[in-house]
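Report on the following structure.
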Amino acid sequence: MKHLTTPLGDEVLSLTAGELVTLSGTVYTARDEAHLRMMEDGIPFAPQGSVVYHCGPVIQDDEIVVAGPTTSARMNPLTGFILDAGVKGIIGKGGMSAEVRNQMKGRAVYFAFTGGCANLAAARMKLEGVHYSDLGMAEAVWQIRLDKLPLIVAIDANGGDLFATAIDYAREKFQQMYQ
């Protein structure tokens, strides 16, 4: 298992889909509204080597209560600009489109974190700050410090994609069973 720390560099280019990693360092949550705001007003953090976590955490008394991933596919049309700005990693659940997979080639990876494990995630996190708090708790960009969050490389920088592989396998089996 590889241990990664943000900001990420070219070491992510050698990761392969299916590889287990842990991630430490600062990440930034962003859902739909945050992406739209960043497209309009600019990215409120240094994007080079950063990691965006598709998450709307629950924050209470400056503590992270739960912070599970949200469905990444919602951000498919909103992802290219953050990759162009230098973001090297995205964390979420459910995978992303073939278009995003192609945009990641040679420059970034997608890490999957298991949905339903929001308490585990929060136990590995410490709140550092917030941007765009006017968007509300779920949509704000939260700056979070991770301590060895366990992740799976689901889309690598060479086009390997666990989700696409699983879909292809399921289609093949379905065709065999129902010719």
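Worth knowing before you read on, the calculation uses all heavy atoms, side chains too, and leaves out hydrogens, waters and symmetry mates.
For the pair Val21 and Val153, the minimum side-chain heavy-atom distance is below 4.5 Å. In this structure, the side chains of Leu23 and Leu8 come closer than 4.5 Å at one or more pairs of heavy atoms. Arg124 is not listed as a side-chain neighbour of Leu146, based on a closest heavy-atom distance of 4.5 Å or more. The closest side-chain heavy-atom distance from Lys126 to Ile144 is not below 4.5 Å. Two residues are said to be in side-chain contact when any heavy atoms from C-beta on lie closer than 4.5 Å; Gln103 and Phe81 fail this criterion. Inter-residue side-chain proximity for Ile155 and Phe111 is flagged as unmet; no heavy-atom pair is nearer than 4.5 Å. Side-chain contact check for Val87 versus Val51: every heavy-atom pair is 4.5 Å or farther apart.
Applying the side chain to side chain donor-acceptor pair (under 3.5 Å) rule to pairs touching residues 75-86 yields Asp84-Arg107, sequence neighbours excluded. Residue pairs that meet the side chain to side chain donor-acceptor pair (under 3.5 Å) test with at least one member in residues 135-151, sequence neighbours left out, are Thr26-Arg145, Arg31-Glu139, Glu128-Gln143, Glu128-Arg145. Within the structure, salt bridge (Lys or Arg N to Asp or Glu O under 4.0 Å) contacts touching residues 55-66 (residues at least two apart or in different chains) do not occur.
Contacts of Arg37 classified as side-chain hydrogen bond (donor to acceptor under 3.5 Å, both in side chains), with partners at least two apart in sequence or in another chain: Asp134. Residues meeting the side-chain hydrogen bond (donor to acceptor under 3.5 Å, both in side chains) test with Thr22, sequence neighbours left out: His3. Remark: Ser72 pairs with His54, Tyr110 by the side-chain hydrogen bond (donor to acceptor under 3.5 Å, both in side chains) rule, at least two apart or across chains.
No more than 12 heavy atoms of other residues, nucleotides or ligands lie within 6.0 Å of CD in Glu40, so this atom counts as exposed by the packing criterion.
Using modelled atom types and a 3.5 Å distance limit, the side chains of Ser97 and Arg101 yield no donor-acceptor pair.
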For a side-chain contact (heavy atoms from CB on, under 4.5 Å) check, start with the C-alpha distance between Leu13 and Val109, then their side-chain angles and the critical distance, and finish with the verdict. CA-CA 8 Å; Leu13 303 180; Val109 296; over 6 Å; no
Exercise for review: Tell me, with the steps shown, if His35 and Val52 meet side-chain contact (heavy atoms from CB on, under 4.5 Å).
Suggested key: CA-CA 10 Å; His35 280 77; Val52 170; 4.3 Å; yes
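Tracing side-chain contacts under 4.5 Å through hydrophobic residues (I, L, V, M, F, W, Y), one never reaches Tyr132 starting from Tyr53; they form parts of separate clusters. Clustering ILVMFWY residues whenever any of their side-chain heavy atoms sit less than 4.5 angstrom apart, transitively, puts Met125 in the very cluster that holds Leu120.
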